[in-house]
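Here's the structure, in structure tokens; my notes come after.
Residue numbering restarts at 1 for every chain, and letters A, B, ... go by the order of the sequence lines.
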Number of protein chains: 2
Amino acid sequence: MTKRTAFFISDGTGITAEALGNSLLTQFEAIQFEKVTLPYIDTVAKAEAAVQQINDACITDGERPIIFDTIVNEEIRRILSQCDGFKIDVFSTFLSPLESELQTRSSYSVGGSHAIGEVNKYKDRIESVNYAIDNDDGGRIQQYDRADIIVLGVSRSGKTPTCLYMAMQFGIRAANYPLTEDDIHHSKLPEFLEKHRDKLYGLTIEPFQLSAIRQERRANSRYASLDQCDMEVRKVEKIFRDEGINCINTTNFSIEEIATRIMADFGLKRKIT
Amino acid sequence: MTKRTAFFISDGTGITAEALGNSLLTQFEAIQFEKVTLPYIDTVAKAEAAVQQINDACITDGERPIIFDTIVNEEIRRILSQCDGFKIDVFSTFLSPLESELQTRSSYSVGGSHAIGEVNKYKDRIESVNYAIDNDDGGRIQQYDRADIIVLGVSRSGKTPTCLYMAMQFGIRAANYPLTEDDIHHSKLPEFLEKHRDKLYGLTIEPFQLSAIRQERRANSRYASLDQCDMEVRKVEKIFRDEGINCINTTNFSIEEIATRIMADFGLKRKIT
């Protein structure tokens with residue numbers, strides 16, 4: 001397999017350069033990329049060091065590294081343009097057509113998109129993250145009135161990271177409640193969830209995958225056995241069906257996909273940008 | 001202020017289109033953008049509905065919406081190309097030059113970059129998130145041997161969201177320990193942190209901001225008073241200085257910035273991609 005080095009370079013966090021670069025590079029499955037992120041390249045010295053690192057990689061690989069950059073500062077851009085890399089230059093490609101369309105000059109300011117923005121938005125976000133932690137694993141059911149969504153599922157079906165992701169990225173107040181053996185045994189929802197019916201969303205998962213995840217937690221336990229996982233999943237899926245609760249099978253999805261699909265399916269709008 | 005609508009459209013999560021679009025749009029501060037994300041546009045029907053929504057916005061605004069899309073599927077692209085929007089088309093702009101440089105055809109596969117990838121990486125990520133939650137607020141100091149980093153700071157300085165972000169996005173095991181009144185009073189580190197000295201990283205914050213954040217939690221308390229916040233911050237900063245612990249002032253930074261700056265400053269490499 002061919003190997004190439006890819007650099008994601010920014011004068012801010014590097015998050016945009018990484019997202020764009022990864023999206024494009026996943027289209028080339030035949031090539032193995034060594035990925036290097038260089039954030040906060042905001043001084044001449046750092047830019048020169050970056051150029052050196054790129055040129056070194058070029059010599060080592062015997063091929064030009066691929067450079068994804070979202071540098072705004074003109075002087076830094078000029079220094080970086082001298083490197084021995086193949087440049088995918090987002091800003092010079094798209095800013096000029098956008099300037100024409102919007103009939104205004106761009107401000108060429110650094111790092112705006114992942115900067116703090118308004119203090120209130122920052123607080124909303126922290127508040128959502130704290131809410132998700134406080135309301136993890138059925139912690140405080142008396143706070144469900146304030147929830148935007150209550151995620152249900154068996155233990156280890158992905159509730160916690162999904163709720164935290166929704167809180168962190170979208171400012172959503174996401175509580176989660178683990179359906180216990182008792183709930184499962186009675187094949188019905190706990191009564192206190194009835195009044196929150198319109199906020200409920202279910203996670204389900206293939207039993208073999210659930211069993212593998214639980215094995216990591218408690219190896220060779222009844223809890224982790226395929227039989228137990230299979231029984232729990234079947235009964236929980238029946239509850240979701242009987243009660244008309246929308247659900248998603250998390251088996252083949254990343255946290256980002258689970259969270260964004262729930263948002264779309266449930267019609268939730270992001271509360272922070 | 002002029003108002004324009006911007007659409008972020010994808011057949012996957014929409015995360016890349018949003019990141020790129022937001023980065024570019026923040027360069028146009030004079031314009032107010034109404035932002036709409038349309039993820040999972042992966043059927044003809046959904047694509048046609050998206051076109052309708054764009055055309056409606058065009059009529060309402062009296063200006064063409066700006067379209068950032070990362071659609072891969074050819075048929076969906078063709079439908080979308082008929083909308084009355086100004087298109088920033090990432091894939092058709094950059095894939096072809098990349099194909100030439102890499103001397104290989106792209107696979108035109110959908111949603112690769114935020115998809116689940118290897119199951120082990122998924123587990124690593126969940127494990128890091130669980131570690132961050134278990135080790136929030138000094139929860140289990142006996143697990144510090146397994147930490148990649150231990151974040152220190154006064155209550156409400158941003159430790160929890162920072163650690164969760166590092167866990168979620170980079171697969172880093174980040175514990176956090178709140179410096180208590182007792183630690184602060186003695187102006188020194190708790191003894192059990194001594195052996196983890198090379199993993200310690202400090203957060204600090206402007207007292208007025210800390211006071212505002214604490215007011216939300218416990219209004220008009222001594223805990224939230226500016227005097228108390230000022231005293232705690234000064235003493236904690238002195239501990240960081242005396243002990244030679246790197247630290248960052250979180251006041252003007254978003255969670256992404258705090259996390260990525262710590263990663264860069266501490267020399268931590270992401271463990272998941």
Side-chain angles (χ1 to χ4, degrees), chain A residues 4 13-16 19-20 22-24 26-31 35 37 39-40 64 66 70 86 88 90 93-95 98 101-102 104 106-109 112-117 122-123 125-126 129-130 133 136 158 160-161 164-165 168 213 216 252-257 260-261 264 270 273, chain B residues 4 13-16 19-20 22-24 26-31 35 37 39-40 64 66 70 86 88 90 93-95 98 101-102 104 106-109 112-117 122-123 125-126 129-130 133 136 158 160-161 164-165 168 213 216 252-257 260-261 264 270 273:
Chain A
R4 297 285 288 254
T13 62
I15 292 171
T16 302
L20 175 70
N22 278 318
S23 279
L24 290 165
T26 48
Q27 299 300 321
F28 298 93
E29 290 158 3
I31 299 172
K35 296 170 184 174
T37 304
Y40 303 109
R64 289 198 286 184
I66 313 296
T70 57
F86 177 77
I88 296 289
V90 183
T93 307
F94 290 133
L95 275 187
L98 271 173
E101 172 67 20
L102 298 171
T104 176
S106 73
S107 60
Y108 292 95
S109 59
S113 70
H114 293 102
I116 193 165
Y122 178 80
K123 284 190 195 158
R125 186 178 190 184
I126 305 286
V129 170
N130 287 331
I133 292 176
D136 186 40
T160 298
L164 281 168
Y165 191 89
M168 184 85 79
I213 293 170
E216 305 247 316
N252 296 310
F253 293 137
S254 70
I255 304 299
E256 284 88 345
E257 289 175 309
T260 52
R261 281 174 187 272
R270 64 158 65 235
T273 49
Chain B
R4 298 284 288 252
T13 62
I15 291 170
T16 302
L20 175 70
N22 279 318
S23 279
L24 289 165
T26 49
Q27 299 300 320
F28 298 93
E29 290 159 3
I31 299 171
K35 296 171 184 175
T37 304
Y40 304 109
R64 290 197 287 184
I66 313 295
T70 58
F86 176 77
I88 295 288
V90 183
T93 307
F94 291 134
L95 274 185
L98 271 173
E101 172 68 19
L102 298 170
T104 176
S106 72
S107 60
Y108 292 95
S109 59
S113 70
H114 294 101
I116 191 163
Y122 178 79
K123 283 190 196 158
R125 186 177 190 185
I126 305 286
V129 170
N130 286 331
I133 292 176
D136 187 38
T160 298
L164 281 168
Y165 191 90
M168 185 85 79
I213 293 170
E216 305 249 316
N252 295 311
F253 294 138
S254 70
I255 304 298
E256 284 89 345
E257 289 174 306
T260 52
R261 281 174 187 272
R270 63 157 66 235
T273 48

(message) Taking side chain as everything from C-beta outward and backbone as N, CA, C, O, which of these in A:T70 sits under 4.5 Å from a heavy atom of chain B? Side chain, backbone, both or neither.
(response) neither

(message) For B:V129, which atoms come within 4.5 Å of any heavy atom of chain A: side chain, backbone, both, or neither?
(response) side chain

(request) Could you tell me which non-hydrogen atom of A:L95 sits nearest to which non-hydrogen atom of B:F28, and how far apart they are? (result) CD2-CE1, 3.7 Å

(request) Write down the atom of B:T26, the atom of B:S23, and the distance for their closest heavy-atom approach. (result) OG1-O, 2.9 Å

(message) Under 4.5 Å from any heavy atom of chain B, what part of A:I133 do you find: side chain, backbone, both or neither?
(response) side chain

(request) Heavy-atom pairs under 4.5 Å with chain B are the metric here; pick the option from A:L102, A:N130, A:T160 that has the most. (result) A:L102

(request) Look at A:D136, A:L164, A:V90 and state which one has the largest set of heavy-atom pairs under 4.5 Å with chain B. (result) A:L164

(message) Go through it in stages, so that I can follow the logic: the residues are B:T260 and A:T13, the test is side-chain hydrogen bond (donor to acceptor under 3.5 Å, both in side chains), and I'd like the CA-CA distance, side-chain angles, deciding distance and then a yes or no.
(response) CA-CA 6 Å; B:T260 52; A:T13 62; 5.1 Å; no

(request) Mind listing the closest non-hydrogen atom pair of B:P39 and B:G14 along with its distance? (result) CB-N, 4.4 Å

(request) Indicate yes or no: at least one non-hydrogen side-chain atom of B:E257 is less than 4.5 angstrom from one of B:N252. (result) no

(message) Can you give me the closest heavy-atom contact between A:R125 and A:M168, atom names plus distance?
(response) NE-O, 2.7 Å

(message) Is B:P161 close to chain A through its backbone or its side chain, or both, or neither, when contacts mean heavy atoms under 4.5 Å?
(response) both

(message) Quick check on the interface: out of A:T93, A:L98, A:L20, who has the most heavy-atom pairs with chain B under 4.5 Å?
(response) A:L98

(request) Measure B:R261 against the heavy atoms of chain A and call it side chain, backbone, both or neither at under 4.5 Å. (result) both

